[in-house]
Every structure is written in structure tokens, then in C-alpha cells.
Amino acid sequence: MKKNILLLLIALLAIYLGGCKKSTVTGPPDFSKITETDLLGQFKGAVDSTDWTYDETWPAEELAFMNFTDTFALTDTVGGFVQVSALYPNPNHGIFSLLTTVDKECKMKVAIVNTSMHLISYNTFKFLGGPVATGFNCTVSTAFHPNENYRIYYGFYNAKGTLFYKGHGDFRIE
């Protein structure tokens, strides 16, 4: 009888502890910090150390931003070296560049979201290797507004469609 009561208490304790998982509600990411750069990409003020680097993990919502199709055919099946420099200028008036350096052929998918995490722009770029400055013009879209911050997600893919490098950065349109 004592053995049954002990087993019952252990079972109840396990159910209780299993049901006490804390849910983490983080909400949208903080876009308020940007890495300030001039027209040449030189740092000129605040630096957000979480921007323009490799992101170890992305939640499902962020990965979903890259789920759009493109028509670029690649031949290189190996992921290689990637370096992403801070977007410049930042802040800007809707026209900016992103300098990337890759050592192998790949494609870069880009998704831009607003502070409510709504996808407002996306594109794909094919790189053959070496440094490339990719220009963006947000002035042609009514989805971008002055005095607001945005986040750009970037992912690098090989010919197999494998995402081998991913990251993000925040920017401000004035």
C-alpha cells in the first residue's frame, strides 16, 4: 500500500512539474538600435553588435520570410565564406547599399520587414564570388515611411538550396 501511495505521489509530482513550463513571450524584436554609417560605410556613431553578423538561430517566423521562390540556377553545392558589412548609409532616405563578400557562387535572399514583423519587400541576388555592393531603392514603394526603422533579413544558399549563412540588420529611413 505504501508503495502505491509513493508511486501515486511521484506520478502527481511529475504531472505537476510537466505542466509548469514557463512560456516565453518575447514579442517582436527590438528595431530601435541601428549601426550608424556614412555614405562610404564607415561607422559614424552607435553600433548595434547584433546587426550584420551571423545569426545562430532564427525562430520559425523569421525562417518563413525566406520561403519565396526565385529563378536563379546555381552550380556550386558547397557553402563558403560570407562576410556582410553594415548597410550604408544608415540612417538613409530610402536608398542604401549592402556590401557582401563571398568566396563561392551562391544566392542571397533578402526580406525586409517593418517593426510589426510584416514582410514588405523581398528579393534574391546571385553572387559569383568576391565583394559585391548590392543597392536598394525603397523610395519606389509606399510601404516605407520616413522616421521609421526596418529590419533586413539575409540568407545565403548554395545550389542544393541549403541555407548556410543567415543574419539580420536594422536600418532607419529619415
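Among residues two or more places apart in sequence or in another chain, the salt bridge (Lys or Arg N to Asp or Glu O under 4.0 Å) test is passed with E105 by K126. Residues passing the side-chain hydrogen bond (donor to acceptor under 3.5 Å, both in side chains) test with K107 are D70, sequence neighbours excluded. For N67, there are no side-chain hydrogen bond (donor to acceptor under 3.5 Å, both in side chains) partners, not counting sequence neighbours. For E174, there are no side-chain hydrogen bond (donor to acceptor under 3.5 Å, both in side chains) partners at least two apart in sequence or on another chain. For D170, the salt bridge (Lys or Arg N to Asp or Glu O under 4.0 Å) partners are R151, not counting sequence neighbours. Applying the side-chain hydrogen bond (donor to acceptor under 3.5 Å, both in side chains) rule to S32 yields the partners D30; only residues at least two apart in sequence or on another chain are considered.
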> Is there a side-chain contact (heavy atoms from CB on, under 4.5 Å) between F164 and C106 once you walk through the steps?
Replying inline: CA-CA 10 Å; F164 64 89; C106 62; 4.0 Å; yes
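With a 4.5 Å cut-off on side-chain heavy atoms, K166 and F156 do not count as touching. Side chains of Y88 and L40 form no contact here, defined as non-hydrogen atoms less than 4.5 Å apart. The shortest side-chain heavy-atom distance between Y150 and I120 falls under the 4.5 Å cut-off. In this structure, the side chains of H168 and D51 come closer than 4.5 Å at one or more pairs of heavy atoms. Using a 4.5 Å cut-off on side-chain heavy atoms (C-beta onward), W52 and Y154 make contact. Taking 4.5 Å as the limit, some side-chain heavy atom of L98 sits within range of a side-chain heavy atom of V84. Between N92 and I173, the closest side-chain pair of non-hydrogen atoms falls below 4.5 Å. Within the 4.5 Å cutoff, side-chain heavy atoms of L39 are placed close to those of P89.
Of all the heavy atoms in Y165 and V82, the pair that sits closest is CD2-CG1, 3.6 Å. Between S97 and G135, the closest heavy-atom pair is OG-CA, 4.1 Å. Smallest separation of non-hydrogen atoms from G80 and K104: CA-CD, 4.1 Å. Considering all non-hydrogen atoms of both residues, G79 and N158 come closest at N-ND2, 3.9 Å. The two residues T35 and N90 have their closest heavy-atom pair at O-ND2, 3.1 Å.
Note: the hydrophobic cluster containing F144 also contains V110 (ILVMFWY, side chain heavy atoms under 4.5 Å, direct or indirect links). No continuous path of ILVMFWY side-chain contacts below 4.5 Å connects F72 to F125, so the two sit in separate hydrophobic clusters. F127 and F136 end up in the same hydrophobic cluster when Ile, Leu, Val, Met, Phe, Trp and Tyr side chains are linked at under 4.5 Å.
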Would you be so kind as to tabulate the donor-acceptor pairs closer than 3.5 Å made by side chains of residues 41-50, with sequence neighbours excluded?
from, atom 1, to, atom 2, distance (Å)
D48, OD1, T50, N, 3.0
D48, OD1, T50, OG1, 2.8
D48, OD2, T50, OG1, 3.3

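The hydrophobic cluster containing Y157 also includes F31, W58, L63, F65, M66, F68, V113, M117, L119, Y122, Y153, L163, under a criterion of side-chain heavy atoms closer than 4.5 Å among ILVMFWY residues, counted directly or through chains of members. Using a 4.5 Å cut-off between side-chain heavy atoms of Ile, Leu, Val, Met, Phe, Trp and Tyr, V78 forms no hydrophobic cluster with any other residue. L128 shares a hydrophobic cluster with no other residue; no ILVMFWY side chain has heavy atoms under 4.5 Å from its own.
Distance check: E148 CD to F171 CZ gives 11.0 Å after rounding to the nearest 0.5 Å. The distance from the CG atom of L99 to the CD atom of Q83 is 7.5 Å, given to the nearest 0.5 Å.
The side chain to side chain donor-acceptor pair (under 3.5 Å) contacts involving residues 130-146 comprise N137-T139, where partners must be two or more places apart or lie in separate chains. Listed by first and then second residue, the salt bridge (Lys or Arg N to Asp or Glu O under 4.0 Å) pairs involving residues 55-67 amount to none (not counting sequence neighbours).
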